[in-house]
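Okay, so here's the structure we're looking at.
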Amino acid sequence: MAQRSFDYRTLGLGFANIGGYLMAAGIPYDSREGRAIAGAISAVMTGVSYATSSELAGELGPFPEYGANAEAMLRVIRNHRRAAHAATDGYEQLATAPRALGPRRADRRIARGGQLRARGTTLSPSGEEFGFRNAQATVIAPTGTIGLVMDCDTTGVEPDFALVKFKKLAGGGYFKIINRCVPEALSALGYQQSEIDDVVAYAVGNGTLEDAHRGRDPRRLAGQGVRRRRDARHHRIRT
């Protein structure tokens, strides 16, 4: 491992707190909007890191094994560029093309993701001239310890595991705290401050958002297309 690290100088730049960001912005984690934003950030991160790696190679030389891998390395970078621009064809030596996450409808968030992607990854001329200092620059990996040091609500690319967390106290016992993204998410979704305070207090007290709005008129829910009791419960959680 030590020898390969020297020969290829691989790095592991990646995500931390993407789940927290999406929650704070009021964007569903498992949605086209969420995937578009994550794809856009991936493209920007990949493009900037490899461009910087190429600049370093111009000053310090490429990684030792670059010569034997130059053709494949540049092919990977070109494929990254095509994916960043949501290309549907033209990929080199790929049996399965990446799934395009471009703006397929007039949605501001998806369009914004596509614009970011378009800026993110370009084949740097310096990459062809100088090569790269690092064989790998980005990776999707867990960032548990680093995420805690960075004061993130979520680590890696996963969503948060709970709305309410229990913090163990040094002197014994536990302290319940609400995920800090919850108030931000409610604000982004248009809730008033009094409603946010009520929801936060309910979540801290009950450990869930289920039945948080028991006083909502079921006829109003029916008017919004919610019919069954179970549907109504999930509707309350979503809204």
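Just so you know, these numbers come straight off a predicted model, no measurement behind them.
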**Asked** Is a side-chain donor or acceptor of Ser187 paired with a backbone partner of Pro183 at a separation under 3.5 angstrom?
**Response** no
**Message:** Check whether Asp7 reaches the backbone of Pro64 with its side chain - one donor and one acceptor, N or O, closer than 3.5 Å.
**Reply:** no
**Item:** Close side-chain approach of Val76 to His80, heavy-atom, < 4.5 Å
**Value:** yes
**Complete:** What one should report as the nearest heavy-atom pair of Ala57 and Gly131 is CB-O, 3.7 Å
**Message:** Nearest 0.5 Å, please: how far is CG in Asn79 from CG in Leu94?
**Reply:** 4.5 Å
**Asked** For residues 19-28, which residue pairs qualify under salt bridge (charged side-chain N to carboxylate O under 4.0 Å, His left out), counting only residues two or more places apart or in two chains?
**Response** none
**Asked** Nearest heavy-atom pair of Gly12 and Val139: which atoms, and what distance?
**Response** CA-CG1, 3.4 Å
**Prompt:** Tyr8, Ile77: one ILVMFWY side-chain cluster at the under-4.5 Å cut-off?
**Reply:** yes
**Asked** Side-chain contact, heavy-atom cut-off 4.5 Å: Thr138 with Ser42?
**Response** no
**Message:** Nearest 0.5 angstrom please: Phe130 CZ to Leu60 CG, how far?
**Reply:** 12.0 Å
**Fill in**
Distance col, row Gln136:CD vs Met73:CE, nearest 0.5 angstrom, shows 9.0 Å
**Asked** Would a 4.5 Å heavy-atom cut-off, applied to side chains only, mark Leu186 and Glu195 as touching?
**Response** no
**Item:** Inter-residue atom distance Gln192.CD - Asp197.CG, 0.5 Å rounding
**Value:** 11.0 Å
**Request:** Find the distance between CD (Glu158) and CG (Asn17) and round it off to the nearest 0.5 Å.
**Result:** 10.0 Å
**Prompt:** How would you list, by chain and number, every residue that makes a ring-ring contact (aromatic ring centres under 6.0 Å, His included) with Tyr66, sequence neighbours excluded?
**Reply:** Phe63
**Prompt:** Does any N or O in the side chain of Ser5 come within less than 3.5 Å of the main-chain N or O of Met1, such that one atom is a donor and the other an acceptor?
**Reply:** yes
**Item:** Exam field: side chain Asp160 to backbone Gly20, donor-acceptor pair closer than 3.5 Å
**Value:** no
**Message:** Using only atom types and a distance under 3.5 Å, with no angle test, would you say the side chain of Arg78 pairs donor to acceptor with the backbone of Glu92?
**Reply:** no
**Item:** Distance, nearest 0.5 Å, that separates CD of Glu55 from CZ of Phe132
**Value:** 11.0 Å
**Request:** Consider only side-chain heavy atoms of I, L, V, M, F, W and Y, link residues closer than 4.5 Å, and tell whether Val44 and Leu13 are in one cluster.
**Result:** no
**Request:** Would you kindly confirm whether Ile196 and Met23 end up in one hydrophobic cluster when ILVMFWY residues are joined by side chain heavy atoms under 4.5 Å apart?
**Result:** yes
